[in-house]
Amino acid sequence: MKTISVIGQARCDFDLADVAEKAGEIIGNFGFVLVTGGLSGVMEFASKGAKKAGGTTVGILPGYDRNEANKYVDIAVPTGLNHARNVVVVSSGDFIVSIGGGSGTMSEISIAFKLGKDIISYHSPIEHQLNFSGVEAFFSHLKGTLEHI
């Protein structure tokens, strides 16, 4: 199975939540397993969207308690790695989707670049070639990319 890692901020506004949920739904509709950090915000809304589409979700958790995972996580992986789990989240994805974000997301994007992972972003905290500010262009490019993975 192919996996898509979705990264983004743990606290997000309605607009980012909506984008994350729609991105998760698209990923689920394409039949990919969705991987996140398993907590709240973008991670939770992306997982919710994937579940809505009948997809499978994995949460790579910072602590040792699988009950930390949001309610849309099918497979909770407690790591005890705290922020170091960011490497696991990013390395688990065949492709990376970034939505919003703060310093944790910046570290994950940097790890993705270091690992040579392909990444698409919506309102990324790090400027790069495939960082979209328009939601329609973001979704269009996401769908086009998923068709070729």
Side-chain angles (χ1 to χ4, degrees), residues 1-126 128 130-132 135 138-139 141-143 145-147 149:
M1 290 187 129
K2 295 284 187 174
T3 58
I4 307 296
S5 292
V6 174
I7 59 176
Q9 59 202 64
R11 292 184 197 97
C12 63
D13 61 20
F14 177 78
D15 291 332
L16 282 182
D18 190 50
V19 170
E21 186 171 342
K22 174 98 168 143
E25 190 171 356
I26 290 167
I27 291 164
N29 281 330
F30 272 89
F32 293 99
V33 173
L34 182 132
V35 177
T36 70
L39 300 178
S40 61
V42 165
M43 299 170 278
E44 182 170 6
F45 284 97
S47 297
K48 179 180 180 183
K51 294 302 301 170
K52 188 188 302 184
T56 301
T57 61
V58 177
I60 309 296
L61 303 172
Y64 291 111
D65 183 358
R66 71 179 65 252
N67 293 317
E68 292 178 333
N70 71 64
K71 65 184 178 183
Y72 304 104
V73 170
D74 293 315
I75 302 167
V77 181
T79 67
L81 294 172
N82 202 355
H83 297 296
R85 88 179 194 297
N86 292 356
V87 175
V88 179
V89 172
V90 172
S91 66
S92 296
D94 293 303
F95 182 71
I96 312 301
V97 176
S98 168
I99 300 169
S103 57
T105 307
M106 286 191 285
S107 76
E108 289 168 317
I109 292 169
S110 296
I111 292 163
F113 289 147
K114 183 78 173 170
L115 296 177
K117 299 279 186 172
D118 290 325
I119 184 170
I120 180 177
S121 297
Y122 177 74
H123 285 281
S124 173
I126 296 177
H128 62 94
L130 292 176
N131 180 24
F132 293 88
V135 71
F138 170 73
F139 288 133
H141 195 84
L142 175 60
K143 289 174 187 174
T145 300
L146 295 179
E147 288 173 355
I149 292 180

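Keep in mind that this is a model prediction, so the values were computed, not measured. Only heavy atoms go into these numbers, but all of them, side chains included; no hydrogens, no water, no symmetry mates.
- The shortest non-hydrogen separation linking Pro125 to Gly100 is CD-O, 3.4 Å.
- Residues Ile111 and Leu115 form a side-chain contact, since some pair of their non-hydrogen atoms from C-beta on lies under 4.5 Å apart.
- Val35 and Ser92 make their closest contact through CG1-CB, 4.1 Å (heavy atoms, listed as atom of the first residue, atom of the second, distance).
- Lys48 contributes atom NZ, which lies 13.5 Å from atom OG1 of Thr57 (distance to the nearest 0.5 angstrom).
- Side chains of Pro62 and Glu68 form a contact here, defined as non-hydrogen atoms less than 4.5 Å apart.
- Lys51 NZ: more than 12 foreign heavy atoms inside a 6.0 Å radius.
- Across Asp94 and Lys2, no two heavy atoms sit closer than the pair OD2-CA, 3.2 Å.
- Of all the heavy atoms in Val33 and Met1, the pair that sits closest is CG2-SD, 3.5 Å.
- Inter-residue side-chain proximity for Val19 and Phe45 is flagged as unmet; no heavy-atom pair is nearer than 4.5 Å.
- Across every non-hydrogen atom of Thr79 and Tyr64, the tightest pair is O-CE2, 3.9 Å.
- Between Phe138 and Ile99, some side-chain heavy-atom pair lies under the 4.5 Å cut-off.
- To the nearest 0.5 angstrom, Ser98 atom OG is 7.5 Å from Asn131 atom CG.
- At a threshold of 4.5 Å between non-hydrogen side-chain atoms, the residues Phe32 and Ile149 count as touching.
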Give every donor-acceptor pair under 3.5 Å between a side-chain atom in residues 4-16 and any protein atom, sequence neighbours left out.
residue : atom : partner : partner atom : Å
Ser5    : OG   : Val89   : O            : 2.6
Ser5    : OG   : Gly93   : N            : 3.2
Gln9    : OE1  : Gly101  : N            : 2.5
Gln9    : NE2  : Arg11   : O            : 2.8
Asp13   : OD1  : Asp15   : N            : 3.2
Asp13   : OD1  : Leu16   : N            : 2.8

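- Looking only at side-chain heavy atoms (C-beta outward), Ile119 and Ile109 come within less than 4.5 Å of each other.
- Interatomic distance, CE of Met43 versus CD1 of Ile60, reported as 12.0 Å (0.5 Å rounding).
- Atom OG1 of Thr105 sits about 14.0 Å away from atom NE2 of His123, to the nearest 0.5 Å.
- Between Phe95 and Leu142, the closest side-chain pair of non-hydrogen atoms falls below 4.5 Å.
- No side-chain donor-acceptor contact under 3.5 Å links Asn70 to the backbone of Ser40.
- There is a side-chain donor-acceptor pair under 3.5 Å between Ser121 and His128.
- Across every non-hydrogen atom of Gly28 and Ala53, the tightest pair is C-CB, 3.8 Å.
- Side-chain atoms of Ser47 never come within 3.5 Å of backbone atoms of Tyr72 as a donor-acceptor pair (strictly under, hydrogens ignored).
- Interatomic distance, Thr36 OG1 to Leu61 CG, rounded to the nearest 0.5 Å: 8.0 Å.
- Atom CD1 of Ile96 and atom NZ of Lys117 lie 5.5 Å apart (nearest 0.5 Å).
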Derivation and outcome, side-chain contact (heavy atoms from CB on, under 4.5 Å), residues Thr145 and Asp118: CA-CA 10 Å; Thr145 300; Asp118 290 325; over 6 Å; no
